[in-house]
Amino acid sequence: MDRLDHLNPPQRDAALTLKGPVLVLAGAGTGKTRVITHRMVELIRSGVPADRILSVTFTNKAAGEMLERTIHLLGKQLKPRPFISTFHALCVRILRQEIHHLGYPPAFVIYDRGDQESAARKAMRDIRLGEKSIRPGDLLSIISRWKMQAVQPEEASSVAEDDQELMAASAYRRYQQNLKASGAVDFDDLLLLTVKLFHDFPDVLTRWQQRFLYVQIDEYQDTNGIQFSLIESLVRPHKNLCVVGDDDQSIYGWRGAEVEHILGFHKVFPGAKVVRLQDNYRCTEAILKVANRLVKHNKNRHDKQLIAHKETSDPVRMRSFPDEQKEAEFVAADMAYQISELNVQPNDMAILFRTNEQPRIFEQELRKRRLPYIVVGAQSFFDRREIRDVMAYLKVLSQPDDEMSLLRIINTPSRGIGESSVEKLLAQAVRQRKKLWEVVPDAAASGEISAGIANSLKDFSGLLGRYRERLQSDPRKMSDIVQGLLTEIDYESEINKQYKEPNQQLARVESLNQIMDSMKLYIDQADKPSLAEFLEQSTLNDQFSQPDKKDEKAQKGIKLMTLHSAKGLEFPHVYLVGLEEGILPHHRSLIENTIDEERRLTYVGVTRARDYLTITHAKTRMKWGRKKDSLPSRFIYEMIGKEVPPALLAAAAGER
DNA sequence: AAGGAGGGTTTTTTT
DNA sequence: AACCCTCCTT
């Protein structure tokens with residue numbers, strides 16, 4: 001039992017309760033993840049084959065770290081390994097093996113956010129109700145909400161509550177058909193289809209129930225309905241389930257996370273053992289005090305008494321600035337000081353913010369001072385046009401049926417296949433219920449498209465076929481082959497045409513190199529590399545944003561991230577910036593009445609700090625090119641224990 | 001078919 | 001300010 005020595009008694013208790021349902025309700029910084037890790041170690045030591053153990057984490061990064069730590073604690077390499085992954089990666093694993101039951105090809109591609117948007121656009125074509133139509137973004141969030149509630153496309157129109165949802169329902173049906181025809185699934189499908197699979201094919205479910213005899217879930221407070229039902233069905237026979245979470249850190253309500261899952265755990269799993277952890281080993285007393293004072297303002301919560309175990313050091317700093325420029329200058333200057341005078345590692349510092357438009361100005365200031373930084377949060381990278389293009393090429397190579405991606409690249413770089421020709425082919429294909437490629441000969445013969453265009457199409461299809469073949473026969477050379485393809489189509493000229501400035505051109509080519517690097521990295525670490533798996537990892541992992549190079553230099557930098565992506569992390573120095581009404585709490589939360597979740601989000605931010613916390617706000621801020629007044633966040637008042645001025649609340653309410 | 005100008009719109013948060 | 005869409009010119 002020696003290895004359990006550095007767990008406190010409640011942690012040990014939870015980690016040692018191997019049978020039956022266990023709920024670990026714990027505050028921030030109390031070692032929740034550690035409980036799961038030790039529990040796995042105990043299971044393995046007691047003779048449970050490691051591959052019969054499943055642990056679900058919130059990010060792939062967390063999964064990797066947990067696996068590493070488990071191996072470290074066991075002090076030996078593991079022959080079978082425990083299955084540690086996110087819900088999504090778990091579902092991919094199951095679906096690769098089982099999805100044929102649902103009529104999808106095992107080589108399905110996964111659509112990311114951008115792909116989903118194109119798919120939504122396509123699905124909505126000529127769906128309207130009178131004058132009204134839906135924006136793709138709105139459609140996607142409605143579809144996503146339905147999927148989270150396990151609403152199948154056929155049922156959608158019966159649950160639709162207004163005109164917009166009625167339109168969305170028919171778009172949903174079409175959207176889903178399109179995806180299926182393209183051999184594609186979106187993020188939500190990964191969960192939805194797995195649940196459907198388990199529901200419709202009991203023998204498949206039985207097989208997976210037998211595969212995982214012990215299940216752990218981290219960050220349980222952010223589990224949504226469909227994830228819950230997935231886990232519930234997996235553990236139904238044995239109920240060996242240990243979940244760990246903190247209702248005060250529930251920040252994904254907008255994605256269907258329901259605090260009820262954690263608060264009502266004992267109802268679904270009667271006799272569940274409940275363990276509370278309240279010894280905080282992360283934060284200083286000053287930081288914890290601020291956090292506690294803040295979160296006390298939430299009504300619906302388990303009242304927890306978090307006990308600090310660190311000596312008090314510096315008080316929490318609160319700073320106010322005339323505008324966001326000054327705010328960023330201060331943070332950068334302070335960080336430079338910490339690094340040069342106090343010998344703080346850049347790695348140990350983080351800037352946390354609410355929205356993705358905020359980091360830009362901090363990046364500028366950090367760059368001016370030549371401080372190393374890393375912006376965590378993949379979005380922007382995958383949004384770049386050149387990345388989307390290359391990924392579309394890869395997807396089409398991997399899954400020839402993926403017409404969404406095909407349409408993106410069919411004329412990129414331009415090969416004379418214009419919009420109207422594509423339109424004609426598409427219309428023809430829909431009419432005959434065929435693939436786009438299949439109608440080309442007919443369309444050429446009937447003169448619907450010109451001979452020249454038919455020729456271009458033939459060349460293009462030949463090109464894809466050639467590279468597809470090469471990739472299949474020699475996947476280890478994948479990066480060379482893809483590089484060859486990019487050279488052959490002369491994508492670089494496309495970039496140079498697209499962007500006039502040499503700097504831009506260089507940067508764009510550089511991001512292509514990043515893809516190639518990451519592909520090489522993937523090939524090196526994969527047992528049996530395949531393009532499909534590479535695509536899967538890059539959509540699921542966001543590994544481009546943090547190149548996974550084991551050598552430090554890539555990782556050594558100040559971290560810039562949203563509060564949402566900071567979840568589960570900790571830093572000695574935290575700068576929580578932009579604490580202003582309208583940002584944090586975000587003005588959307590005033591409309592949607594989700595202030596409590598904004599407060600929890602702030603709580604998460606505060607409790608990321610181990611030793612030093614700086615909270616800043618600006619009094620004015622540019623918005624849509626115009627300067628606007630900005631009031632200090634109500635949360636600042638709550639944290640320092642002052643009453644929020646009624647005038648501030650009134651102003652914020654009027655603002656929306 | 002392709003490129004550019006002008007005008008309208010936009011902003012939460014992410015696996 | 002940044003992005004997307006539409007329309008206009010070549």
Side-chain angles (χ1 to χ4, degrees), chain A residues 56-63 85-92 110-114 116-117 121 135-138 140-141 144 147-148 185-192 219 222-224 226-227 250-257 324 352-358 360-361 376-380 382-385 411-423 449-450 452-453 456 494 497-498 500 536-542 545 561-568 578 582-592 594 597-598 600-602 604-605 621-627 656:
Chain A
V56 180
T57 56
F58 200 76
T59 64
N60 282 290
K61 190 166 169 255
S85 82
T86 59
F87 275 109
H88 288 84
L90 167 68
C91 290
V92 169
I110 303 168
Y111 275 3
D112 61 27
R113 178 69 207 199
Q116 284 180 49
E117 223 159 272
R121 243 175 262 279
R135 281 178 305 192
D138 294 341
L140 281 181
S141 58
S144 178
K147 288 188 177 180
M148 285 306 118
V185 303
D186 66 19
F187 277 115
D188 299 325
D189 282 340
L190 292 174
L191 299 166
L192 184 67
E219 310 281 12
D222 288 319
T223 302
N224 62 34
I226 197 158
Q227 292 167 332
S250 165
I251 55 175
Y252 281 89
W254 51 277
R255 221 174 60 183
E324 76 270 31
L352 306 182
F353 38 81
R354 173 72 235 260
T355 68
N356 281 313
E357 62 177 346
Q358 287 171 269
R360 208 177 206 108
I361 189 159
V376 182
Q379 231 63 37
S380 53
F382 282 98
D383 281 348
R384 293 185 214 166
R385 176 200 302 239
N411 201 28
T412 313
S414 45
R415 41 178 75 86
I417 306 167
E419 231 169 300
S420 59
S421 313
V422 174
E423 280 298 317
I449 56 172
S450 76
I453 289 174
S456 292
E494 174 73 12
K497 228 188 312 176
Q498 208 70 231
K500 295 284 138 67
E536 178 182 308
Q537 285 198 11
S538 28
T539 20
L540 251 37
N541 274 359
D542 72 74
S545 58
M561 63 181 104
T562 63
L563 289 162
H564 283 89
S565 21
K567 164 182 160 110
I583 298 181
L584 188 57
H586 196 275
H587 57 258
R588 292 291 290 250
S589 73
L590 301 175
I591 300 165
E592 281 154 38
T594 51
E597 184 153 309
E598 297 288 301
R600 290 192 290 268
L601 196 50
T602 312
V604 167
R621 191 172 282 271
M622 295 292 270
K623 190 169 184 177
W624 295 339
R626 315 177 72 210
K627 199 167 201 148
R656 57 196 182 153

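Note on naming: letters A, B, ... go to the chains in the order of the sequence lines (proteins, then strands), and numbering restarts at 1 for each one. Quick caveat, the model's predicted, so the values are computed rather than measured.
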Non-hydrogen atoms of A:A63 and A:S85 that approach each other most closely: CB-CA, 4.0 Å
A:S414 side-chain N/O to B:dA1 phosphate OP1/OP2 under 4.0 Å: no
Proximity to the side chain of A:N411 - top-ranked nucleotide from B:dT15, B:dA2, B:dT13: B:dA2
A:T355 and A:Q358: side chain donor to acceptor below 3.5 Å: yes
Closest listed nucleotide, where the reference is the side chain of A:T355 and the choices are B:dT14, B:dT13, B:dA1: B:dT13
Touch class at under 4.0 angstrom, heavy-atom based, for A:F58 against every strand present: sugar-phosphate
Verdict with supporting geometry, A:D186 and A:K147, side-chain contact (heavy atoms from CB on, under 4.5 Å): CA-CA 10 Å; A:D186 66 19; A:K147 288 188 177 180; 2.7 Å; yes
Nucleotide B:dT14, atom P - distance to CZ of A:F187 in whole Å: 12 Å
Residue whose closest nucleotide on DNA chain B lies nearer the 5' end, A:R415 versus A:E598: A:R415
Value in whole Å for how far the C1' atom of B:dT14 lies from CG of A:N356: 10 Å
Whole angstrom value for the distance that separates P of B:dA1 from CD1 of A:I449: 11 Å
Phosphate contact (B:dA1 OP1 or OP2) by A:S421 side-chain N/O below 4.0 Å: yes
Short side-chain N/O contact from A:S565 to OP1 or OP2 of B:dT14, under 4.0 Å: yes
Plane angle bin for A:Y252 and A:H564 - parallel if under 30°, tilted between 30 and 60°, otherwise perpendicular: perpendicular
Closest to side chain of A:W254, choosing from B:dA1, B:dT13, B:dT15: B:dT13
Phosphate contact (B:dT15 OP1 or OP2) by A:N224 side-chain N/O below 4.0 Å: no
Interatomic distance, A:R385 CZ vs C:dC4 P [rounded to whole Å]: 8 Å
Shortest side-chain distance from A:I453, nucleotide among B:dA2, B:dA1, B:dT13: B:dA1
Among B:dT10, B:dT14, B:dT15, the nucleotide that comes nearest once only the side chain of A:H88 is considered: B:dT15
Which nucleotide in B:dT13, B:dA2, B:dT15 has an atom nearest any side-chain atom of A:H564: B:dT13
Between C1' of B:dT15 and CG of A:D189, the distance in whole Å: 13 Å
Inter-nucleotide P distance (C:dC4, B:dT13), Å rounded: 15 Å
Pairwise 5' ranking along DNA chain B for A:H586 and A:T86, keeping only the more 5' one: A:H586
Interatomic distance, A:Q116 CD vs B:dT14 P [rounded to whole Å]: 15 Å
Nearest-angstrom distance from the residue atom CD of A:Q227 to C1' of B:dT14: 12 Å
Short side-chain N/O contact to C:dC5 OP1/OP2 from A:R121, under 4.0 Å: yes
Taking every non-hydrogen atom, the tightest pair across A:L584 and A:L563: CD2-CD1, 3.7 Å
Euclidean distance, atom CZ of residue A:R588 to atom C1' of B:dT13 [Å, nearest integer]: 11 Å
Nearest heavy atoms of A:D188 and A:M148, plus distance in Å: OD1-CE, 3.0 Å
